[in-house]
Structures are given as structure tokens and as C-alpha cells.
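Presented below is the structure to which this report refers.
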Amino acid sequence: MSDKQLNIVVVDDDEVDVMNVQRAFKKSNITNPLFVATDGIQGLEMLRGGTIPRNNRLVLLDLNMPRMNGIEFLRELRADPELKATTVVVLTTSNDTRDKVEAYDLNVAGYLTKPVTFGNFVDVMATLNKYWTLVELP
Amino acid sequence: MVTNESLPGGPVPAGASGPAPGLFDGGGQTGALMRTIDWRSTSLGPIEHWPQSLKTIIPALLASRFAMRVVWGPEYVMLYNDAYLPVLGQDKHPRAMGAPTAHSFPELWHLVEPLFQRVYGGEAVALTDYHLPVHRNGYLEECYFTLSYSPLRDDAGRVAGLLGVISETTDRVLAERRLGTLRALGTHAASTSSNGLTEIAAGAVATISKNVPDVPYALLYLAAEGDTADDTVRLAAAEGLERGAAATPERISLDDPASRWPLGRAQSATLVVETPAETFGPLPGGIWPEPSPRAAVVPLSRPGLRGFLIVGTSARRAFDESYAGFVGLAGDQLAVVLAAAQAHEGERRALAEAHWQRSRLESLFEQTPAAICVLRGRDHVFEFANPRYRQLIGDADVIGKPLREALPTAAPVVLPLLDQVFASGEPFFGNELPVELQRRGQRGQCYFNFIYQPLYDLDKTIEGVAVVAFEVTEQVNARHESETLARALEATNRDLDQFAYVASHDLKAPLRGIASLSAWIEEALTDQMTDETRRQMDLLRGRVHRLEALIDGILNYSRAGRVREKVEAVDVGALLADCRDLLAPQPPAIIQFAPDMPTVMTERVPLQQVFMNLISNALKHAGRPDVLVQITWQEAGDFYDFAIRDNGPGIPKQFHERVWVIFQTLQPRDRVEGTGIGLSVVKKLVESRGGQVSIGSAAGEGTTFHIVWPKTSKEFR
């Protein structure tokens, strides 16, 4: 099971949202390692560095962030030969069609809008985790 | 006495009276006559008693080839020679031979006697072209003579008689007079050419009539001008006779056989008509006391002219060849004059017409709001420019100048076009052509819509170019301005879009934080919570949801008119079925629509948003569980008129305008959760697609929203 364990990287500048993810994981008894970056630049550094295991990575990416936003982060990622296969799911407040189109153009595996209430957030996270546990990742 | 029959040239019998041999020898007809006369019965007495001087002159008289007579004695007994015979005519010879002059010439005795008396007094009398009316051929005739009377003396040396040498000058006098008339007619034609036809006709006839001895009266009948086929002629001029008399009808039909003037018979040659008073009424005689006994009808025939000159002829002249010649020439001359006048009048009318046409065109050119000019030749020399054109080019003096000199700033743009039109003969239509013009000292960019039309001369070769131009500088500038404004507006809209996007995200993030944090606090404090604080927490979350809905609404509203999608065939029935599934009304609430809903060529999403908004509105505000929402439709020209009807409480009329305004709700928000954005989004969606929204409702009767949506939307670019 351990090699199937997802290494979840949250790239989000909103502390409450990060807490939301963490609490939702806790609520659903998800014990996966959770790595947090507060913007795109830090996210790339972490992915390129040695702290996160190379396999079974899943990035939960916010779009609106300071310094480097989600779309810019995705462009860098897809341009990086080491990282271009990384699975990314967008988790954002934006319901804008343009953002969706741009994100999917950059090969995201999913696009989720953040539910406002915590209950819904927990459901989304549980479903997400369950799904990605079933999926074979590189 | 002898009879006339025996007179001409017969052999002369030997005189019974025993005339002096040789006295009357020779002398032709008159000599023979003298020989037959018994002179003893005349006042001259027997020949043997004649004075020697008389006997001496008689052979000279008879031998002369000039018309001569000898008048002798107190009774003025007359002897004459052969050459004198024409003076006597048929009426007086041979009676006059040897008879007193007074007996032979009673008609002019009063004129002649005083002359004779003067000569008997010893005076020689000579007269030139002396008018002596002679009754010699059946009528009193107008005659002229040049005569010389010289006294003859008897053997005692007393004046006992006279020798008259006479030359008749009638023909010459008349010819001169008639020639004068014809000459005057010619002069008249030349001097009156500026008058109208009627005046010229009247003047010409008056000129002819000035020859009163030959022309006691004259009438002119003319066919209506330009209508030579008409068989009626009208009295155009009358001299010597009043109009309206028996002899002067106003119109004469050529076909009328009963007409007094048989003009129909005079169409090819002069016709002489006897004019008795019984038929023609009293006619003038001119200077003669005798009325004109006949008239000559002369046809006047020239191209474009048809008429008749009627000339009353003199009672004192036979209508002989020279008279007929005169009248005929007068007619010819008159015809020439009239034809010329008519041609001149036609010409004058054509000129006047042309002038009128030209001035009309000119005033059209002058007054038209279009700028018009005519450029002549290969160098495009300004020949004509109307005031608007001159104004347009800044009142520069361009006439007579080639375009390259007249408008140097515009030349680089327009010269190639003009050259092309001049060379090809193809007109050129310019649309908003930018032209640089120097006007009122200012150089500026102007825009023109214009036509360059080639002008052809009579040989169908291009001789110039007509320019008709409309300045559209203001319109073009206005459009450029509005295009700039539109671009600015577009930029503003993009900013607004960006703002709405950022705002929705930035507002939603803390909102979600509040929602999450409040949930966690509530969770952590579960034990300490009272019913009151729990209800406050619920209210807090409700406000969070409302704020979220408001943010979404603003985002939708900002997108409604701006975001465009692909136009496709949208089956409205299927679309409504989707809406029904999405809205999932709680039974017994029902959404109904006809099975034959149309298919529209449009953007799917905005139409769906419209229906979703209106149906959910109806469900939300009905205030009863058995809500019935019915969607129907009808044709409205290029549009479909969809009606969304509910059985709710209805909307009072005074709020019908208000419901479309953003953030307006008719219910307290805590009773029915609503943002007041939905209907404003509907209105914006519909109107930005060229449709219309309206509301039909009254309190207590339910509400009907009408959506008029185009059958075929334009593809948004």
C-alpha cells in the first residue's frame, strides 16, 4: 500500500484553504503526507527538491496566487522535462471558463471549485482521495 | 364715215372730195383714214382752204414714227398718226380723226384744255409722266404720258393749232412704282427680323398696301404655324379692308366650295377672282373712286409655310401680265419674308428654350448640395464649378486652371484616378477617399464620396470628366471618434471583466474562510453552544451564502452581454427539458411546455440562462406548493415570442419596471433568498441578443414574462 500512497502537494496561498484541506483529510482519516507551498514558485522549488517522493505525486493547485499564479505554474511545469508528467488537479474559487480552458490546455487531471461550506469540502476531498488512490500514477 | 372693218391697210380709194394729191400719201392706217374723210363736213373745211402751214405739217406727222397729233382750230380738231393709235385704244379711233379733242377725250378734257389754251397763247408746254386717265379700252385707265405741245401758226403767223408729241410712259411709271413696293418689302423683311411672325406679316402686308393705286386692299391668310397639313387658314393681316367684313372672314377652309375666296383652287398658281359687290360687299378702290373689281389670290408656299395673299386690283388697270407679275412677285417676296420670320421665330424659340433649359440646369447646379465640377481635357482643366464645390475647396479661384495647379495638395490622390477615368471611359466611384485640402489657410484631411463620370463629345470621344462629390469628413471623423470610443469601451469592459473575475475570487476566498472558520469554531464549542448562539451561527452561514450568491450574480451580469458563444441550432423543447431536470421542481410543482417548441439558431447557454432564471424565479416566488409554470410560444416576424406564465401572486403593475433593475427585490431577503440580479441578467442577455423582455401581470393573477428572441442570431465576431 505504501508505494500506492499519494504524495499530495497543496499549492495555495490561503491559509484557511490549506487548513480546510488538512481538516478534511483528518475528518476522512486520510493520512497521506501533505506538502504545502504558498505560491507557484515555492511549489516548483519543492517539486524539484528532494523533500517530496518522486512517485505518486498529486498537486492540488490554486490559481490565484501571488508571485506566480496557477496557470504560470502549470506552464513551467509542463515545460520541465522532469516534471511535465506530474498530475495536477485545480482546486480554485474561480468559476471562469477561461481559467478552465487554459487549465485543461495545460493537461490538468481535474478542475474543482472550492465548496464554500466545510461539509462539502470534506466530501470533495474524500472523493478526490478515493479516486486517486484507484488511479495508477507514474 | 367709215367702218372699222374697212380701215386696216386697205387700198386707198381715190377721194371723192378731191384731196390734194400727196397730202395724205403714206402714213399707213391713219393716212388712209384721212384720205377717206370728207373734210368739208369738219370744222377744218375743204382741204383746199387749209392754210399752207397745216398742209406742210401733215406729211411730217404721218411720216413720224413717234406718236404725234396736230390739233387745229378753235375746236381743237385732232389729226394723228399711226404711232398715236395706242393712246386712243379701241374706243376712240377712228372717231377721233378730224373730230374736236373735247369730243374724243371727254374724260380728260378738263385736264387738257388748259394746256391747249396755254399753247394757243403761244407757249410751248412740256410735261413728264403726266397722269391722264384715258377711257380707251372699255374702262377708265390709269395712264402716264410725257408730252410736248408746241404752237402751230397759220399763214398769217397767228397761232392756229398745236403739235403734240407724245410718249406714253405708263408701263415705266407702273413698273417703277411696283418695283419700289417690292424693294420696300425686301427692306421691311430685313429691318423687322427681330419681331414676331404676326408683326412681320402685318408689316409686310402694310408695305405692299402702301402701293394704293395697285393695291386697293390686301389680305393675308395663313395656316396655323407648324401645321401645314391643316386645311384651314386664318386671317393674319388686312389692309384697306376692315376685319369682319364680308370679304374678310377670319377663317377659310380650303375644302369649302361655298367660300367667297376659292383658296382651294389657288394652291398652285395665282387665281384671279371677280369680286362683285353682291357677293363681297363694298370694296375699296384705293385712290380710285371705282371699287376694286377683282382680286388676285396668290399662294404662298414655302417649307413650313402655307398661306394666301389676296390683292384687290385696281379698277383702272387691266390685270395684265405685268400686274400679275407684280402681284406674283409680291407674293413670292412675302412668302420669303414670312418663311424667314417663321424660321427665325422657330430659331428664337429654340434659343429661348435652350436658354431656359440651360438656366434651369445652371440653377440646379448652383443650388444642389452636391459639389459639382467639370474638368476638361487631358490636363483636367476646371471648366465649371458650382458654389458648393468652390466652397468645398476653400473658395480658391480654379476656373481655367489645370487641377495639378489648382489643387496641388489633392493632386497626388485624385490625379491618378482622373487619368484612369479619362483613359478608360469607366466611371469611378470613390468612397470616403481621404484628400488633403488647403482651405481657408488651413491644410487638413478631408473625406469625400464622389463619382468621376467621363464626358463624351459629339464624336463619342472623351473630352473631360464630371465630378460630383459629397464631403463626408464630418461623418468619417465622427465614425473614427465613435470607433475610438468603442475601442475604449471595449477596453473598459475588459477591465470590468477582469475586475469581476478578481473580485469574485478575492471576495469569495475570505468568505470561504469565514464559512470554514465558523464551522470549526462551532465544532470546537459544541458543548458551550446555546440555542441562541446556534441560531446565530446559522444566520451567519446564511449571510455567507447570500454574499456568495451576490458575487456569482455580479459575475453573471458582467458576463451576460459580453461573453459570446457559437451560434447553433437549439431545440428549445430539449433545452426546456434540460432546465426542468436541472431545476427538479418539488411535486406538486409542475413545469409545462408545448411539445412543438421551435428550433432557434442561437447561442445555447444564454437562452438556457434566460429560461432557467425565469422558471426558477417563478418556482421561488409562487408562494404555493402546486406551482404551475407554463411555457408557450408564437411567431413574431423574425422573432419567437416565448411566454413564461406562472400561477403565483403576480406582480403589481407599479413594479413592472423595477423588477428589471439590478439588486431590486420585491421580497425581504430573509423571507425569500434572492439577490435581485436574476431578472437584470435576463434583460441584459435578451437585449444584447437583439430581443426584448416584457412583463404581463397583475396582483393575484400570476405573472407572464415575454421573451422575444430572434429566430436567427447573428454570429458574433
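Convention: sequence-line order gives letters A, B, ...; per-chain numbering from 1.
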Is the number of heavy atoms from other residues, nucleotides or ligands within 6.0 Å of CD (B:E483) greater than 12?
yes

**Item:** Crowding at CD, A:E15 (>12 non-hydrogen neighbours, <6.0 Å)
**Value:** no

(message) Taking CD in B:Q528 as the centre, count heavy atoms belonging to other residues, nucleotides or ligands within less than 6.0 Å. Is the count above 12?
(response) yes

For B:R535, is the CZ atom crowded, meaning more than 12 foreign heavy atoms sit under 6.0 Å from it? no

So NZ of A:K114 and CG of B:L511: to nearest 0.5 Å the spacing works out to 12.5 Å

- Are any non-hydrogen side-chain atoms of B:R512 and A:V16 less than 4.5 angstrom apart? no

When rounded to the nearest 0.5 Å, the distance separating CD of B:E523 from NZ of A:K27 is 3.5 Å

Okay, B:E522 and chain A: the region with an atom under 4.5 Å from a heavy atom over there is neither

